[in-house]
Structures are given as structure tokens and as C-alpha cells.
Asks: 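One structure coming up, written as C-alpha cells, with questions to follow.
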Amino acid sequence: MREPLPERPTASDAGPAAPQPGWQPNVVAMVCRWCTYAGADLAGTSRLTYPAAVRLLRFPCTGRMNPMFVVKAFEQGADGVLVSGCHPGDCHYVQGNLHARRRFATFKALMEFVGVDPRRLHFSWVSASEGTKWVRVVEQVTAAVREAGPARPPAGGPDSAPPADAETARRPASAEELQALAERLRRVAGELLEQQTASIVLGYTRGTLPDRAVPGFITRPEQAQQLVWDSGCHHNLSVYLPRTRGGEGKVAAVVKRCDVATVVGLLQERQLRRDELHLIGVQCDGVWEGDRLAARCRACDGTVPALCDVAVAAEGARAQQVAVEPDPRDAAIAHLETLSPDARREYWQGEFERCIRCYACRAVCPLCYCETCIAEKHRPQWISPAIDATGNTAWNLVRAFHLAGRCTGCDACARACPAEIRLDLLNRKLARVVEDRFDYRPGTDPAQAPPLTEFRDDDAEEFIL
Amino acid sequence: MEQRGWRLSAEDVRTWVDRLIAEGREVIAPVEGRGPRVFRPLGCAAEACLDPGKTRWSPKEFLFPRTETLYHYRLRADGPELHDPPLAERERVLFGVRPCDAAGLVRLDEVFLDGPVQDPLYARRRELTTVVALACQEAGPECFCTAVGGSPMGTEGVDVLVLPFGADWLVRAVTDKGRALAAESWTRAHAGQWSLAADQVRRVEQRIARAPVAGDVAAVLERRFEDPVWQETARRCVSCSICAYVCPSCSCFDVHHEGDAWGGREIRCWDACTFPLFTRHASGHNPRGGSAARYRQRALHKFAYLLPDAERTTRCVGCGRCIALCPAGIDIHDTVTRTAAGAEGEGADA
Amino acid sequence: MPEVGPLRNPYRPGLLRIETLRDETPDVRTLGLCFVDEQEGRRLGGWEPGQFGEYTVFGAGECVFAIANAAPDDDGGEPPRVECTFRAVGKVTTALRGLGAGSVIGFRGPYGNAFPLAEWRGHDLAFLGGGIGMAALRAALCAVLRHRSDYGEVLVLNGARSVADLVYQEEMPAWAGLDGVRVVRAVDPGGETADWDGEVGLIPEVFERLGLAPDGRIVVACGPPVMLHFLFEALGKLGYSPGQVITTLENKMKCGFGQCGRCNVGSFYVCRDGPVVSWERMQALPADF
Amino acid sequence: MARIGVFVCHCGENIGRTVRADEVAEFAKRIPGTVYSADYPYFCSAPGQKILAEAIREHELTGVVVAACSPQLHEPTFRGAACQAGLNPFQCEMANIREQCSWVHPDRDEATAKACSIVAATVERVKRAQALTPVQVPVTRRALVIGGGVAGIRAALDVANTGSPVVLVEREPSLGGNMARLSETFPTLDCSQCILTPLMVEVSRHPQIEVLTLSEVEEVKGFVGNFKVKIRKKASFVRAEDCTACGDCVAACPEAVPNEFDMGLAWRKAIYIPFPQAVPSTYTLDADRCLNARLDSETGFRLLACVRCSEVCKPRAIDYDMPDEVVEREVGAIVVATGYKLLAGEPAAECGYGIHPDVVDGLEFERLLSASGPTGGEVRRPSDGKTPEDVVFIQCVGSRDPKRGVPYCSRICCMYTAKHVALLKHKLHDVRATVFFMDVRAGGKGYEEFVQRVAKEERVLYLRGQVSQVVKRNGKLVVHGVDTLSGQAVELPADLVVVALPTGPIRNERLSAALRIPTDAHGFFQELHPKLRPVETLTAGIYLAGAAQAPKDIPDAVCQASAAASKSVELLSQPMLQREPTTAVIDDTHCSGCFECLAVCAYGAIERNEIRDRRGAITRVVARVNPAVCEGCGVCSVTCRNGNIDLAGCTEEQIFAQLAALGPAPPGRDTIEETDEGAPARAADRV
């Protein structure tokens, strides 16, 4: 009943159809104008030949190439993407390529982790004098893309989800211990308000569902009695800090060890002022969902970091120190990394397919503080608003990438996600990439510069042709 | 009522579902796999999950898809050429829907079919859809269908009602459309069995401990438009849209345009009143710029605004998903009942 | 369940070709649009002053404005020509501004309610437009001027931030030339030029200064929220009753017919129950503007 | 709606041989928005450009795509032609179908298809191109030179001689720098003072030069052509206008302190003139060494314990209450010529430097050789004033020593040591001189000849070797070393040891922070490009001269000074500076103020902009681009997570549209495969 649409005009419409048996790859090359573009010109003036599959896009600098452009290129049907610029030291803008090297190293790891065939995404340094190298790179890239074949939607394969987390030997803190901490916490909070050190205390209060603490905003000393502390205090309350104003007094917040890390991030990124904050660190033996210890807690001893203004901890020596266990997220990542790229893609597309774009991941993330998110930017439309594979994939990739080098692994996003997408694994994977490559661990030092705003002359570039 | 219905064994139910599929229908039922339990089209009956509990979100997306095309266009030298999207053609059964979710579909009908403009895409899908509801075997702490006039075995929006009966199931056609799904060969159930099964469900119903929403709630809430409760509760709100997207009766959407050099399409995507950009003008002015105004809009849209008839007090069907899933622990039932009761902004929800 | 017949796709726009363009101010433009398919134009029939349309710029999206002209009276004649006046502020309006004569855009509508012109018969009228707000009143004004004798005295108070921001400068002399029509132009203090011979002041002030008695006069006003706020205050002082004052609201809209859920003020859907609303009715709405 | 014209060039046979240009032009007609297309043998020819210009006018084109050769070649040509026809140059783009298509793809079909796709993408780009006009920056016609050594002096004179005013800032009380300390200069052995002093005098008398000695740059605000500089003039407590330089105060002053100019080898008084030829020739009271206790504040003294200098000063030039003065100067260009200092590290200590007074560095030895030096030009050892019989020179004491010193070569030591040997031998014919060296590097004009002459004629022992330590034994220094040619251990007695310490930068964190120019790993200021832009820095309008950039000898320093002056004059000679409009553009409405853009900007083009409410309270701090400084690399735009920074001329809208046009027909959009759900099978599902 539907009229078939007329074909989109293609080059072959312009004349006799080209006798193209089978498929020709489509490779988008984003190149910098000073080096690689000039190198490609040199290949031309030298009358070298190379496969016609590659289409060049000219940029001032690799530093101007947003990794999301690569996602866009794939969205638009590219079978492969090549990013190429000046050798280190040759950048017309001195250091643009060095920034790009860090960004793309991180981005490539993300793309590989979500199962983009590594044969589809390439990077190279080609100088203006390297016409022959340009030819070699194009040949190599085209051959690799040809081998990978046409980009196609996931075919649907066997379930390759990571196995369940290993059992924990840890147990929740005893009720008496928690009770004691809660009482101390109430006292501290009450005093802060009483003495007008703080005008508001962000803490946990009892919710309407059983065993579920909820964020509470305490402004009067007597309300401090409403504060609770137990192993159900999941929320990372630092998400409320940038938008909470203390007026005359400071804003006090109840923070766990993991929450402090995001506070550090917010300080680093100038979203908070330390002198307006009063951090009430609480010793935390881990948060539990039923009999499951939260993944992020397994490798955390829960002690109160030095950044806190006041520590609410057990008095005297504790009978038993918290036993630190391996992080189960690492095991899940390791499992996914044993899979083939296709299987990994299958897995992640399965995850993203469930995404309903409620943006709860963003909303609960303390570090997703942008006033208007890139997902809402429509001039141009960075992320398709369509709640389908394209839009969902782009959203989940951009979210993960924007947190690379920043995410402290508090897992608020994964916990909030109604579709149970393993956002924690994406975040954790990128955190490890950043730590391995740039020797940087987020959330430790408020004075540190974020890793993707920096570079080192000797950053690894083994992925660059 | 001559409707005695039928008694089916678990095996009978599987045969039934497989037959519906074999007859060319798309059968959509709760499926458990990776991630939460959600409604998905079945390959075969064995994939369906009819265990107690509800799906993570309602099956509304099968009538009101997360995203759909409204029209396509192609740019020609003399102007654009427009094409309507195809209408659905295949009959469809929503199987194992909880009564709250089935009632939610009726709320969608009110928006997409009962107004001055009927949505053709929705209308066609609705016409082709038959709803087989499954009475609840358990109630969660968030459930409050009974507080808003529903029931774990309610029949609003239901074509076929299924009640658990021991290891078996009692099946009753509520509408003619539902009756069309039944088979001649099925064993008839008798009245006694129905009353036993109903007692069972009533025990579930009794476990729903939440206070009923008063009949005059709409007027009270509109009067309390400036009540501090909105500010106090919404302070926690992080402005995601879990509540709206998992809600069986939320139906707000946005219209977007996607195009390239050659053509494009107009699409409709889910949207939610909890997002700050939902109402922001191009000028930057935002009538509902704060989370309190947005939360109030959502609550009042459920409990006060535009109720289709005087009898129904809410658009909310009481599934409680927004309560269970809210990352900030906001409880709309609690807010509304306390506000209606004139409670001060004290207590857990302060 | 309602009977579902072959329904029209409510989102599929008709096609209009840009015939004329007129720059009112540096960022406000008026388009004259005619139907690409004349039959389609005839099917549309007409619209009532106050109603609005959804305009599509292919490749950019949809935007909403009031239809700025009155539909032709008789339905047998030439197909209607739609006019709209818009300011380039967002993605779509900027794209619309980029279009030249001959370009084709989409149009669907008309939507919303209309000014109660029949009720105004025999009354004195005052049209108060602030900035681009005049565009929403122009259709009603045109209709009134076309049937000049049906109405009493007509005042047009067209105000803007500065002289350069004043819309419909070309047309005002023609309006003023009609018997019993008074056109007052006003700019905000500081917005006047050396040779400005109009009023200086905010619209509420200027209107107060005009000292028009309320008796039976209908005030039709449109402008930014802050202008309306002070205008209502001023009108109250002058003794106007809320029933005498009519405005037209603006809110973000997508579908145009009460489904997408964003333009409501309480139970009042601007797209369906508005945009035309009396001050009296507005007072009953929740403060959700 | 955009009205685009596409012009497909055959380039004779160059394109036409493999790309069917007529088909490309025909294809271009079908791209929505294209209203005109043509093909022609040579669009770059005069008739070709005419076709282009006429089409622009006739078809009222809003954008032009020239599908021809590389834009690196003819972009200016076609932009110029488009501009003459009334288009903005940035609305003309080239589609490179020669270098990157016809020349590299022999297959006609493939090449034609690729050319079509390149044209489609370029049309999409041009459709969204904005008209851009060059950024106009006013220029303040005045230069600031920081550092009054020979490089600074040369740069100041060169700029001033073109008629532009110059502010010359020197930290010390006198101009002259290190060169003033030297006795003679290699390889000509002319007297350093004799050639430098006239320049110093010329500077001080130059009507266009304002000399600020005893002054330091505290703050540099602004940008190229428009710097605002705060300079602190420290109090000298002697009114220059009254001082007659009679020197009576010196005689009266009771407090003697080591004289820095003589490298501490002689004494001066607390009130002093650094050296007789000092410019300006006025006295300075060293507030840190004066017997009067310094106030906590920066002005004057709290207690006057001694007023002898004031008592003897007939013109009453002493002013104990003189405050520091902060002056502000607006300048258009800045030359940084802060010079060098010698670095003493672990290797120096092993050689006894800083331990034995008779181990001296090169500059100290210069003073010992200098006729105006502490010994009047007689070489006597510092410890007891005896004339040395054995002098050992040790090269590379820390230079070329990546582990314990600096990895680089200090460039001047080989030459000055040869000079030292020559001067020493001239003064003390019988002295035994030995030079420990690694290599002799003498790569300047006349340098090698000089070294050869010294080595041959002056009876000096050049010993290739390394010194492990210098110890004192029986009142005499003993140099322990290894002759690396023979592998033999060497032990030499010495009365005087001269160590060649590395030349290093004057590390002034405050200054480099104020200037916002980076330093290299060693602390030298970083030039913009090591080869092609060795004088410029990352901050436009700031130039480098002399040893502040890297170790240099006098001719090289002077040479770079003249180059820096020339660069400054180039900038100052135009009333308005034109800069490329392709700069970053910030939409600050949604800026959250993380300032990561500022962190990654190499040019300091991003500023903090405080937005205030009506009462003047700061409501937000957002980022702002200074288009006068931005180079348009776009690094900041990628850093901005919510996409508030775009790049004019390479906008994200353009990039996205190009990407959309480059790909093949997305199947989801071409043949619409709708499911009932309405989700079309989109190509995008591939990521």
C-alpha cells in the first residue's frame, strides 16, 4: 500500500552504471590540513595511486576532531574511519595532535570495548612530505576494512553476558555499629546546624519503601534526628552539591569514601568551592542490596578520606578491619574482553537496545553537571533523539566518553538505570584505560588537572600508524 | 453472566500462545533475559514469563512506541515529496499484562483517540491489539492500584482476564475481541473455581497497604498549587524521566526532524514533563523551569488535570513503578495523599 | 473503542511556497505564502483570526506562529494566502529566515481557538501589541478593518523596544488612514531616534496616558509576559474589568492539538483551549507561566 | 534556502582524464540546494573565473563549490574571484578532485563516483558556511623589552630606530647584563666594555626609549597589540635627578657587601654604583644591606640607624622614604630578553666549586681578567691573591650530563675557555694551562681558527678527559682526572681551577606566568617553532631574544634580538592587525565554567568572563574567546563536553552535514523499511 520511494541519486545515476561487482568499502578519513592533507596532495602530485574507497574531510587540526565525529561517521554508514594528522612536534598549533592522541587513545579503547571491529578504526601520523606513507596507510586501512566487510547491524548471537559476580566474604556492619554511627552522625549534623557552621545538611533519611534510605535535606537542628545511616545508603549525595546553596552557612554533606571522590572531581572542575563545603565523612562497610554487596564496595575499605572536615567512625579499634576483595567489575570486563569483537558488539547492542533514554544515568551522576547536555544540543543534532539503536548507541558512547578520566566509579548511573545497562563496566573500563595510559586516577587530588586536558610528550601511541 | 470462562493448565496456556503465534499474530509478553523483565515479542510460548511480579516498565511502547516516524520526505528540485509511514498490519496480542498496565492503555486511548484529532498510527495499532491480562499473584510495597480505583484483577482495558488457580489458570473473555482468541476445545471453569481464585487475588489486594486517594483530590491539589510540599519533595528530584517512561499512562512526546542533504523524516519520541527542556521556549523562558514546578505538573496531570469524566479521580493507575524506580526515592502516592490530607511537609518525605 | 476509519495523518504538512518576504526589523520577517497545490489550499478553507499554524522547514524542523492575516471572506475565490511574521531565535526560525522566495515549506493547521470577533461587534476596540506580539493581533485587526463599520472606534498601539524593532511600519499609515482608526506608535525610553515623532514609554504607560475610558471597550493585547503583567495592572487601575481584556498566549508546542503534553497551564492547553484567552479566564489558571 | 553553484574543472586533461567532469556537474545539479553547475577546462583561467563571477551574480548564488585542484593551491584564487563577485570568501570552498582524486585513482568510474561524493560533501559544507570577516585588532605602537643585556639593548635600539617607542625594563640598577662583566670577547678579543658601553649610552639617550632599571615586570594583561603591563620600579632611595654621581656617599657608607657585578670577588658599599660605566650613572641604596632596618611595607625604612650617606650628600639626593613605584605601560609587542645565569650542580661541587675559593667559574674568571675587575686585570687567585702558576680549565662541568647536570651543550664554554687561555697567557706568559675537554665545539665564524691558534700558539695542554674531583692537598689544589684518549689517570696540581658551568635560564616563575609563555624542560622560554618561528612564542606579540630562549653567544643573541625587533616592528607598523576570522566561538549561555577549554588552549585565547547581576554580584563565571589571540586550532571545542564551543569556518553543523553526505545512501533513508514499530532499519544501527 506504500508507494516505493524513488532512489536517492548516486554517482552512478550520472552516467552509465559503474560495473562494480560486489561491495566497495567506504572509508572516511578525517585529516588535518597542515600535514596529512598536504601529504595526500603530495601523493597526487607524485602520481601515486591508492584505493578510491577513502574520502577526505579537512580539519584545521586533529585537536579539532571530536571523537563523536567518528561515531557520526559510522552512523552515516562509513565502513571504516581513519584519523590522521601531524607527527608529534610537527603540529601547526604546537600541541593539538598531542591532545588528540590522548583523546583518541581513550576513545579507541571505548570503541573496541563496545565491539567496534578494530579493523574499522585507524589512526596515523602522516606529514606533508609523506606522500608514500599516505598511500601505504590508505592501502592498509582499506585492506583492513575490506577484510572486516560491510558494516552491518548485529546479527543476534549467543548470550555472552558476564557471569554473576563472585560471592563476597564480607558481611554488613552489625546493627549496633550502624546505630552508633547513625547517632554520632545525628549529633554532628545537629551541632553543625546549631552552631550555624552549616545552614543545610545533606544526608540520608527514611524513605517510604522498606529498607530504602532517600536523600534528605536537613536545615533545622531538631531535624537531624531524621538522619539515618545503614547499609542501604546508596545515593551519592554529591550530585546535589553544585545546585545547593548554603546562603550564610556552608553546605554540609554526608559522604562515603566513594562519594568523596566525586566531590574531588567537582572541586577539580570548579563546580564547588571547598570553603563553602563541610564534608561529613562516614565510615562505610559497604552498601548492600539485599544480600548483595555493591560491586564498587568490594575493593574499598570504606575509611574516611582526609579531605573530610569531620569523620564519623567507630570509636576505638575495630575488632576486624574490612577485608578488601577484588573488584568484580574487573572480572566482568575481563570476561567481555575474551569475546570476539562481534560478540562484544552483540552484547553491548543488546544492552543499548533496552535504553529508554530516561537520562537517569546522567541525572544521578555528580559529574554530569552540564547545564544543557550535549544530548539536547540540536544545532547541530549531536545525538539522535530517536530512542533506537542509533540514538541509544550514540548516547551511551558519548556519556561514557565524557566521563573518561573523570568517573570515579560510584556506579550511581548503573544503579539508577531502569534497564540495568552495565554502565558501570563502560565507566570502569575507561577508568582503567586512563590509569594505564596516563597514570591518572580520578577523584584523588582536587589540585590535579584532568588527564584529557593534559598530555605528555611521550604518551604511548602504539595505536597510531 | 453466562461468562463462566475456562480453566487451562499451564500446558494449555502454552499451546494457546503458540497457536496465537501460529495464526500469524504477534504475541508480546513479559520475557526474562539479560536485564530486567520486560515485554517482548515472543518466538514461542516458552519464552514468556508469567511469574509473580511485574515488568520493569509497562507495555505501552507497543502502542505508543519510544520512537516512530510520522512522515518521510525527499527533497526534489521542485520541492519536497512527502510520504506517510506504513500502518501496522499484523494482529497483536499483549499477553500477561497486569491490570494496572491494561488500565494504562485506556489512558493512552483518551489522549490519542478521544480528542479532536485521532492519531492514525496509534489507532491502527490499537485496533489490531488484544489485551490478555493476568491478575496479580503478589503486591509490592510500591503497589497502590486499589488506592486509585483499580484492582489486581481489574478489567479496565482488558479483553481477556486470566486468574491464577493453583498450578492452573482461569481464563475469561471480557470483550468480544477477547473471545475471538479463545478455543472451542477449552475446558469450562465453574463459578466456584472463580470465587476461589478471586479470593486468592483478594488476599493479594489486601496486602496493598496504601491509603486510597480521596475523591476530591483534584480540587484539593489544585488549591494547594503553591503548597511548599512541591518544593520540599522535588528538591530531591534529579530531573530524569524514569517515572514518566516506566509509567503506563504517561503519553507525552516530542516531535523531531531528522534530515540530510537528500531527505529526512519527522519522528515522534517519548518525552517527559520532568525534563527541564520540555517546556523551555526558544527565547530561554521556561514556564516550568524548576524541578518543583515540573514535579507538580506531573502529579497534577495524574491526579487533577483533564480527567476524562467525573467518576475517575486519577489518570494514575497505581502500578507504583515510579516509586520503586525513582533514583531519589520520591513517592507520588505519598506526596498526593499527604497533600490532599493537608499534612504539613513533615515526615519522611520532607 | 472508537471506530477507526482511514484517518488523515495529522502531522503531514501541506506545502506552501514563499511568495513574498518583508523584513520588518533586523530580525523579524513577514512571509507571504501560497499553496503549492491550489486544491489543497481550497480544502483548507480558511481560518479564524487568532489561530496558529505549524510551519516546517524541511531539514530543520517545525515552528509555531500565529497566522498573521485574515482568511478571505468568500470561499469560492482564489485559494488563501497565508502570512506569518516571525523572529529568528532558534534552530528552525533561523533556517526559515535563510529561505528565499520560491522555497517550499510545510504548513499544518490552523490550530487553536480564535478571537471572538462576533462578540466585539459594536464595541470600541484597542489592539495593543508589544514587539512581535502585534503579529498575533494582526489577523484580527485585518478582519476588523475589513468590516470597519461593524465596530466602534479602533485604537492600534504598536510598541517596541526601539524604532528599529517596530513591526508593520509599512502598513501602519494605511491603517491610520481609515476613518475612526487611531494608530499610536511607541518605543521604550531610550529606543527613540532623533526624528521620532511617536510616543516614548512602555505600553502600559502609554495606554494609561491615552486615558481611554473602559466603557464597553475591548482591549486585545499581546506581548512579552512582563508587559502583560504591567498592562493588566494598568488596566485594573483604569477600571477595565477582566472580561474586557483579551490576550493570546504563547507556550512551547509540538503537536498543535493537545496530545504532546507540554503547553498546558493547568488543565488549559494553550494549543487547543487557547491561544486566545481573556484576562478573566487567565486569572483562574494556575500560575504556571 | 542556500543557492549553491558548483563549478567542475577539467584542469585540461588532469582531471578530465579520469573524472568525467560533465557527469559530476550533472550530478551536482541534483543535490538539493544546488541551483547552478557547470564544467569548464580551466576555471582558474581568466575566462574561467569570469564564468564563476557571472554565475554568482546571475543566479544570486549564496555559495560556491569549485571542484578542481587542492585548496592549498587555488583556494585564494577562487575566493578572490568569488569575493569580487560579491560573495564572502568563506562561502567559496574547493572540492579537491585532482590531487586527491583524478591523479590517484586510475579507474574512471571509481574516480567519477568519488568526485561526486566529494562535491556533495562540499556543497553541504558551503550551504552552512557563514560569511566571516577578518578580526580587526588595534595595535598600541610601543614595545616592551624585558632585560637590559646586550640582546635587550639591541632589540630596544632596533625598534626605537624605526620610530616606535620602547620601554626597556632591567632588574639590576644598570643596563649591561652579563656582557658588561666580560673582559674581552671571542674570537676577536675586543674589549667587551668598549663595544657595549656606547650602546648602553645610546639607549639611555634615545628619545624613543624609556629605560626602567631596578624594575621588574609584575603583570601582563591583554593580548597581541594590546598588552597592559605593570612594572614595579623598586626604590633606589637616591633621586636620580639630583644625584651627581660624585661618590661621596660611598665613602661615607660604613657597610661593605660583596659586589655582585664582580661575582662577589670584590666589595662594594650598601650605597653603590655597580660599575663605573653603569647606565644610568646614579647610585643605589641597597635596602637589604643598608644598616637601616627595612619597613615591613614596601616603602622606606622604619628606623634610621645610620644617615651618613645623607649627611655627606651635597645635592641632598638621598630619600629614605622613597617608595616602590608601580607604573603601567600599554604596549603592542613584548621582547623577552632575560638572559642566562650559570648553574652550579653536583658536578661543580665535585670540582670543588663553592668549596675552594680558588675554583672559579667562567664569569668570575672574566672579572679576574678584566682591567676594571677587582684585581685591575692582574690574574691573582681569590684565596690569597697570589699569582697562579698552574691553571686548570675544566669543560662541561654539568653540561651534556643528562644524569647530573643538563643534557644540552652550553654552547659558549669551548670558546670562552680558549679566550681565557689566550688572555691568561698574555698576562702570565709562564703559567702552565691545562684544559680538560670532551669535544671542542667551535662552530662560529672565525671560531675554529681562534681555537686552533690558541692551542698552537699559547702552549696550552688540551687534554681530552674527565675530571673526577678536585681536592686540596698540602695547600694546593689537585685535579684528579682521566685522559680518555690514553685511559690513564691524571693528577694535576693547580693554583687556580676554572670550571665551565652550564648556562641556564633565569627562572622567573612570576614572569613566565605573567607572560603566559611556556618554558621547555630546562626552563628556557619555548619558541613557537624550533626552525621556522624561532623568535615568536605561543602568545602572539611576544618574542624571544638571546639566551632566554637557549644558550647563545653574543653574535647569536644580537642576531635574534634584531629578529625579535623586526617581528615587533612588523606588528607595530600597522595601525590595525588583521587576523583570520576562523576562530573559536563560545556560546556561553550554557557554559558551566569548568575551564577545561582554558587549560587546553596553547595560546591563552580563553578568558574568564564574570557575569554579574544588576547589583554587580557575580552570578556566573564563563569562558570567553579572545578572537585577537585565537589561532583557530579547535582543541577547545572538543574539550567542551556540552558543545558550547564551535569553530568558525569549520563548524559542527558543517562537519555533520559533510559526514552525512560522504557516506553511501543510508539504506534506512533510501528504501524505507518500516516495521510496525516505526523504527526504520537505519544504517546507523551499525556502530
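Since we're looking at a predicted model, the values are computed, not measured. Throughout, a chain's letter reflects where its sequence line sits, starting with A, and its residues are numbered from 1.
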Asks: Name the option with the most non-hydrogen atom pairs under 4.5 Å to chain D; the candidates are A:Cys370, A:Ala53, A:Ala73.
Replies: A:Cys370
Asks: Could you check if a side-chain atom of A:Leu57 sits within less than 4.5 angstrom of a side-chain atom of D:Leu659, using non-hydrogen atoms only?
Replies: yes
Asks: Please report the interatomic distance SG(D:Cys640) to NE2(A:His402), rounded to the nearest 0.5 Å.
Replies: 8.5 Å
Asks: Is there a side-chain contact between D:Trp103 and A:Leu48 in this structure, where contact means two heavy atoms from C-beta onward sitting under 4.5 Å apart?
Replies: no
Asks: Hey, which of D:Leu532, D:Asn642, D:Ile118 has the most heavy atom pairs under 4.5 Å with chain A?
Replies: D:Asn642
Asks: Within the structure provided, determine whether D:Glu652 and A:Lys72 are in side-chain contact (heavy-atom separation under 4.5 Å).
Replies: no
Asks: What part of D:Asp22 is in contact with chain A, defined as an atom under 4.5 angstrom from a non-hydrogen atom: side chain, backbone, both or neither?
Replies: neither
Asks: Give a yes or no answer on whether the side chain of D:His105 reaches the backbone of A:Tyr50 with a donor-acceptor pair at less than 3.5 Å.
Replies: yes
Asks: Taking the side chain as C-beta and beyond, is there a heavy-atom pair between A:Gln76 and D:Phe656 under 4.5 Å?
Replies: no
Asks: Salt bridge check, A:Arg64 against D:Asp646: does any charged N sit closer than 4.0 Å to a carboxylate O?
Replies: yes
Asks: Report the option among A:Leu42, A:Ile387, A:Val94 that has the most heavy-atom pairs separated by less than 4.5 Å from atoms of chain D.
Replies: A:Val94
Asks: For D:Ser70 and A:Asp41, which I'm curious about, is there any donor-acceptor pair between the side chains at under 3.5 Å?
Replies: yes
Asks: Using a 4.5 angstrom heavy-atom cutoff, name the option from D:Gln100, D:His529, D:Arg108, D:Glu596 with the most pairs to chain A.
Replies: D:Gln100
Asks: Rounded at 0.5 Å granularity, tell me how far OH in A:Tyr93 sits from CG in D:Leu528.
Replies: 11.5 Å
Asks: Relative to chain D, which segment of A:Ala38 carries a heavy atom at a distance below 4.5 Å: side chain, backbone, both, or neither?
Replies: both
Asks: Please report the interatomic distance CZ(D:Arg641) to OH(A:Tyr369), rounded to the nearest 0.5 Å.
Replies: 4.5 Å
Asks: Where on A:Arg406 is there a heavy atom nearer than 4.5 Å to chain D: the side chain, the backbone, both, or neither?
Replies: side chain
Asks: Report the distance from atom OG of D:Ser637 to atom CE of A:Met65, rounding to the nearest 0.5 Å.
Replies: 11.0 Å
Asks: Would you indicate whether A:Arg273, at its atom CZ, is surrounded by more than 12 heavy atoms from other residues, nucleotides or ligands within a distance under 6.0 Å?
Replies: no
Asks: If I compare all heavy atoms of A:Arg103 with all of D:Val638, which pair ends up nearest, and what's the gap?
Replies: NH1-CB, 3.4 Å
Asks: Taking the side chain as every heavy atom from C-beta outward, state whether A:Phe455 and D:Val600 have any pair of such atoms under 4.5 Å apart.
Replies: no
Asks: What I want to find out is whether D:Glu110 reaches A:Arg55 closely enough, with some N-O distance under 4.0 Å, to be called a salt bridge.
Replies: no
Asks: Drop me the distance from A:Ser46's OG to D:Glu99's CD, to the nearest 0.5 angstrom.
Replies: 10.5 Å
Asks: Which atom names give the shortest non-hydrogen contact between D:Ala599 and A:Thr453, and what distance separates them?
Replies: CB-CB, 4.1 Å
Asks: Would you compute the distance between atom CG of A:Asn26 and atom CG of D:Leu662 and round it to the nearest 0.5 angstrom?
Replies: 7.5 Å
Asks: Would a 4.5 Å heavy-atom cut-off, applied to side chains only, mark A:Arg33 and D:Gln72 as touching?
Replies: yes
Asks: Got more than 12 heavy atoms from elsewhere within 6.0 Å of CG, A:Asp458?
Replies: yes
Asks: For the candidates A:Gln95, A:Glu454, A:Arg58, A:His92, which exhibits the highest count of non-hydrogen atom pairs separated by less than 4.5 Å from chain D?
Replies: A:Arg58
Asks: Could you tell me which non-hydrogen atom of A:Val54 sits nearest to which non-hydrogen atom of D:Lys114, and how far apart they are?
Replies: O-NZ, 2.8 Å
Asks: With chain D as the partner, which of A:Ala52, A:Gly63, A:Pro450, A:Pro60 has the greatest number of non-hydrogen pairs under 4.5 Å?
Replies: A:Ala52
Asks: Checking A:Gln271 side chain against D:Ser592 main chain: does a donor-acceptor pair fall under 3.5 Å?
Replies: yes
Asks: Can you name the nearest heavy-atom pair linking A:Thr49 to D:Pro106, along with the distance?
Replies: CG2-CD, 3.9 Å
